[in-house]
A.B. asks: 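One structure coming up, written as structure tokens, with questions to follow.
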Protein chains: 2
Amino acid sequence: MTAGGETAPSGTPTDSASTTVAEVVIAVRDGIMQGRYAPGQRLPEVDLVSLHRASRGAVRTALAQLENEGIVEREHNRGARVRPISLDEAVEITEARAVLEGLCAAKAAVRATSGDRDRLRELGAELTVAVESGDIMTYSKVNQLVHHAVRDIAAHTTAGTLLDRLRTQSVRYHYTVALLPGRPSVGLREHLDVIETVCAGDADLAEQTMHAHLLSVVSALRQLDASLHQW
Amino acid sequence: MTAGGETAPSGTPTDSASTTVAEVVIAVRDGIMQGRYAPGQRLPEVDLVSLHRASRGAVRTALAQLENEGIVEREHNRGARVRPISLDEAVEITEARAVLEGLCAAKAAVRATSGDRDRLRELGAELTVAVESGDIMTYSKVNQLVHHAVRDIAAHTTAGTLLDRLRTQSVRYHYTVALLPGRPSVGLREHLDVIETVCAGDADLAEQTMHAHLLSVVSALRQLDASLHQW
DNA sequence: GGCAACCAGATTGTTAACAATCCTGTGAGC
DNA sequence: GCTCACAGGATTGTTAACAATCTGGTTGCC
């Protein structure tokens with residue numbers, strides 16, 4: 001307790017009580033994914049300790065875990081910082097996602113129940129509405145929901161774990177890609193194709209469709225790269 | 001030092017000086033991969049401390065990292081143990097490897113230099129000799145070298161990292177699969193196909209060949225499963 | 001005026017002690 | 001004879017202090 005009413009530093013820290021390792025991990029990971037921490041930004045242990053009211057040991061363990069997840073990098077005696085993800089690396093990540101989510105789509109096509117199919121078609125409808133009304137925020141959100149739904153239906157733990165890891169590294173670029181002119185309508189069609197083929201129960205076709213969709217994202221990333229170099 | 005000449009416990013511990021976290025990680029990981037630690041076996045911190053002459057903190061950090069790698073599991077206040085990998089999980093892992101190594105094969109087909117091609121063909125020759133002479137140990141070793149060579153040529157860091165992770169989890173089954181009757185000759189032909197298509201520079205075909213090869217391993221695993229259930 | 005050595009502050013890495021929790025063996029009671 | 005409760009030992013989790021390293025600014029010298 002002592003001096004309880006310290007001015008809480010910015011950034012939605014934890015409430016008040018003591019926090020554990022997992023909570024620090026989640027807080028920092030979300031902070032990085034939401035862009036509250038910039039790439040390359042230092043993450044001094046002391047700051048995290050006071051932010052989350054956790055012990056230094058807990059913070060230290062959390063940083064080690066985040067380093068293992070690939071979103072934080074540490075140098076000996078020089079502390080931790082948010083690992084910058086280059087566009088080349090984002091391309092690699094998306095390529096890996098392409099084949100892994102392709103696998104999930106194939107499994108999902110075989111395993112999907114009628115309830116799963118309803119859910120997918122519902123998401124497809126939501127996505128259509130979002131694109132037609134130009135709501136990029138919702139588009140981006142439902143986009144993720146579609147991918148996650150396919151993953152869940154596939155029930156492939158191994159691929160799911162790997163995809164979680166990849167997603168946390170590349171979210172930063174998701175928003176940016178969705179802002180490319182014409183991207184939402186392209187993405188919409190591709191998602192609808194994925195949903196259709198998965199619902200049709202055609203494993204091979206579902207895999208191809210999902211694969212093609214994510215390779216299309218790779219193209220968009222490269223296009224983004226070109227745009228940035230022009231500036 | 002005190003009583004220096006304690007009878008060194010079994011299992012190739014470290015030499016004598018103090019060791020760091022990374023060394024403990026490597027030692028325990030190798031121990032698990034080589035089967036010196038059985039699945040489900042407990043890994044008390046004290047034992048690891050005395051085995052590797054490391055501090056408890058270092059051992060603790062190492063265990064956290066191994067847990068993150070998925071080869072060790074920990075329960076609160078109940079310590080760490082070697083995570084058992086079920087056959088179903090091994091199948092999942094191999095399926096994930098199939099698509100990721102397919103990706104690498106495609107990249108390798110495009111990127112391979114003439115030196116790379118020579119190296120691959122050389123490995124193909126070694127593998128042929130091993131199979132013809134019935135040397136399963138060498139077969140298994142060169143087998144891994146082929147896969148690793150393709151990965152290196154692909155130079156796909158993301159896929160490489162994920163594959164490292166998957167390999168450490170599933171090595172246990174590699175030997176066993178190689179022991180199935182007729183498996184080496186089937187594997188040999190598939191590997192030669194992979195090498196040929198990669199050297200031919202045909203990305204799509206290389207991907208398909210690698211994919212088919214690992215799905216054949218999945219079949220072998222399922223066959224193994226059936227054999228075990230018969231007993 | 002510019003450059004190199006140096007010192008102080010801050011930050012990280014490591015070790016050791018303390019506290020909490022769990023497992024095993026023993027004994028009393030039914 | 002069997003089950004349940006209980007204590008002792010062992011193992012893990014957590015916290016705090018100590019030591020080593022790095023960063024930035026200052027001073028002295030050329």
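Proteins get letters first, then strands, A, B, ... in listed order; numbering begins at 1 in each. All values below come from the heavy atoms of this structure, side chains included, with hydrogens, waters and symmetry mates left out.
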A.B. asks: Less than 4.5 Å apart, any side-chain heavy atom of A:Arg83 and any of A:Glu89?
C.D. replies: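 Yes, close enough: below the 4.5 Å cut-off.
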A.B. asks: In whole angstroms, how far is the P atom of C:dT11 from the CZ atom of A:Arg74?
C.D. replies: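 In whole Å, C:dT11 P lies 16 Å from A:Arg74 CZ.
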A.B. asks: May I have the distance from A:Arg56 (atom CZ) to C:dT15 (atom C1'), rounded to whole angstrom?
C.D. replies: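 Atom-to-atom, A:Arg56 to C:dT15, this comes out as 12 Å.
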A.B. asks: Considering just the side-chain nitrogens and oxygens of B:Ser55, establish if one lies under 4.0 Å of OP1 or OP2 belonging to C:dT15.
C.D. replies: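 Indeed, a polar side-chain atom of B:Ser55 lies that close.
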A.B. asks: Provide, to the nearest angstrom, the distance between the CG atom belonging to A:Leu63 and the P atom belonging to C:dT11.
C.D. replies: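 Distance, rounded to whole Å: 14 Å.
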A.B. asks: Once you round it to whole Å, what is the distance between P of C:dC23 and CD of B:Glu75?
C.D. replies: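 After rounding, the reported distance stands at 9 Å.
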A.B. asks: Check the distance between C:dT15's P and B:Arg53's CZ and give it to me in whole angstrom.
C.D. replies: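 In whole Å, C:dT15 P lies 15 Å from B:Arg53 CZ.
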A.B. asks: Is there a side-chain contact between B:Val25 and B:Leu66 (heavy atoms, below 4.5 Å)?
C.D. replies: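 In short, these two side chains touch, coming nearer than 4.5 Å.
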A.B. asks: Rounded to whole angstroms, how far apart are CG on A:Asp47 and C1' on C:dA10?
C.D. replies: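 So the two atoms are 11 Å apart, to the nearest Å.
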A.B. asks: Considering only heavy atoms, which members of residues 76-84 of chain B lie under 4.0 Å from some atom of DNA chain C?
C.D. replies: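 Residues of residues 76-84 of chain B that come under 4.0 Å of DNA chain C are, in numerical order, B:Asn77, B:Arg78.
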A.B. asks: How far apart are the C-alpha atoms of B:Asp47 and B:Arg42, what are their side-chain angles, what is the distance that settles it, and do they pass the salt bridge (charged side-chain N to carboxylate O under 4.0 Å, His left out) test?
C.D. replies: CA-CA 10 Å; B:Asp47 295 8; B:Arg42 293 195 50 192; over 6 Å; no
A.B. asks: Step through it carefully: locate the ring centre of A:His213, locate the ring centre of A:His147, and say whether they are under 6.0 Å apart.
C.D. replies: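 Close enough - the centres of the two rings lie under 6.0 Å apart.
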A.B. asks: Side-chain N or O of A:Arg60 versus OP1/OP2 of C:dG13: is the shortest distance under 4.0 Å?
C.D. replies: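 Yes, because at least one side-chain N or O of A:Arg60 sits under 4.0 Å from OP1 or OP2 of C:dG13.
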A.B. asks: Roughly how far, to the nearest 0.5 Å, is the CG atom of B:Leu43 from the CD atom of B:Glu73?
C.D. replies: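 One gets 10.0 Å once the value is rounded to the nearest 0.5 Å.
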A.B. asks: Going by an N to O cut-off under 4.0 Å, is there a salt bridge joining A:Arg111 and A:Asp116?
C.D. replies: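 No, A:Arg111 and A:Asp116 are not salt-bridged.
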